[in-house]
Amino acid sequence: MSKGLFIAFEGGEGAGKSTQARMLVEALDARGIAADLTREPGGTTGAEAIRTLLLDPPGEDEGWGPRAEALLFAAARADHVAKRIRPTLARGEWIICDRFVDSSRAYQGGAGELGDALIVALHEIGSEGLRPDLTILIEADPTETARRLAQRDGDTSDAIGGRSAAYHQAVAAAFRAQAEADPDGSVIVDGSGSAEDVHARVMQALTQRLGV
Ligand code: TYD
């Protein structure tokens, strides 16, 4: 049985991750490679329930504290890894995931107040530190992503997407630093141009890195 690979897409809101994840699954399918498309937070019934708690927190404007938030993301991920990601890989199929642990490192660790080491420790506890075979960071121009988000979300945004511009700048900087610190496991893809342009860059990165 050939080995299934685990690919995660990362990036800020509106970078085009979800579109690229879908296009990659279609491209793999066309080559006869079975790939399961999933997302975080979410991907299992339990993790989707935690997603709702995270993105639409109960209680008047109260929200979660940074530690509770990080634990909830790690708990959702633990369920997703145990019930869906590992079993899929064990069947020899691919997993294409829209966000994974590097989102927690960038949002809760880098831009939040927890720092990287605690998030990595939580991931060790929750998911035995599972890393994707390749993390693809889609980097998009902030003006372009703001335009896409206004089109997609209008005035509504979730509890995390609605945070300050400074927070999102810190997220973007953390994503870049993480990718640069892990040249074997990560690749930065330019998210400018059409979805097809970006997809071509993604496929090129996969060929170069994984020989696919
Ligand atoms: P989602 O709609 O999936 O992202 P996008 O807006 O990019 O399509 O929303 C998930 C939100 O949760 C997004 O704001 C990023 C945030 N997030 C974290 O803060 N930490 C995490 O570990 C993950 C997976 C997501």
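Atoms considered below: every heavy atom in the structure, side chains included; atoms not considered: hydrogens, waters and symmetry mates. Both ligands and their constituent atoms are indexed starting at 1 by order of listing.
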Review point. Are the ring centres of F9 and F100 closer than 6.0 Å?
Key: no
Revision key, fill the gap. Out of G112, P41, A15, the nearest non-hydrogen contact to atom 10 (C) of ligand 1 is supplied by P41
Check your understanding: Is R77 in contact with ligand 1, taking contact as a heavy-atom separation below 4.0 Å?
Key -> yes
Review point. Any idea which protein heavy atom is nearest atom 6 (O) of ligand 1, and the distance to it?
Key: R152 NH2, 2.9 Å
**Study point:** Residue part near ligand 1, for K17, under 4.0 Å between non-hydrogen atoms
**Key:** side chain
Point to revise | Over 12 non-hydrogen atoms of neighbours within 6.0 angstrom of CD in E113 | key: no
Point to revise | Salt bridge present between K3 and D133 (N-O < 4.0 angstrom) | key: yes
Check your understanding: How close does the nearest protein non-hydrogen atom get to atom 11 (C) of ligand 1, and which residue and atom is it?
Key -> L55 CD2, 3.8 Å
Review point. Which ligand 1 atoms, with their elements, are less than 4.0 angstrom from a heavy-atom of Y107?
Key: 15 (C), 18 (C), 19 (O)
Study note, to complete from the structure: Check: of S104, A47, A76, min heavy-atom distance to atom 22 (O) of ligand 1 comes from S104
Check your understanding: Got a salt bridge between R77 and E40, using NZ or NE/NH1/NH2 to carboxylate O under 4.0 Å?
Key -> yes
Point to revise | Atoms of ligand 1 close to G161 [distance to a heavy atom under 4.0 angstrom, numbered from 1] | key: 14 (O)
Practice item. Using a strict cut-off of less than 4.0 Å between a Lys/Arg side-chain nitrogen and an Asp/Glu carboxylate oxygen, indicate whether E10 and R105 qualify as a salt bridge. Key: no
Revision key, fill the gap. Residue, atom and distance of the protein heavy atom nearest atom 18 (C) of ligand 1 read F73 CZ, 3.1 Å
Review point. Salt bridge or not for E93 and R86, using N-O below 4.0 Å?
Key: no
Exercise for review: Keeping the roles fixed (side chain from Q178, backbone from D102), state whether a donor-acceptor pair exists under 3.5 Å.
Suggested key: yes
Check your understanding: If you measure from each non-hydrogen atom of R51 to ligand 1, which part falls under 4.0 Å: side chain, backbone, both or neither?
Key -> side chain
**Study point:** For atom 13 (C) of ligand 1, closest protein heavy-atom neighbour
**Key:** E13 OE1, 3.5 Å
Review point. Just going by heavy-atom distances, which of R99, Q108, R163 is nearest to atom 7 (O) of ligand 1?
Key: R99
Exercise for review: Salt-bridge test for E48 and R39: reply yes if a basic N is under 4.0 Å from a carboxylate O, no otherwise.
Suggested key: yes
Study note, to complete from the structure: In ligand 1, the atoms that come under 4.0 Å of a heavy atom of E40 are 24 (C)
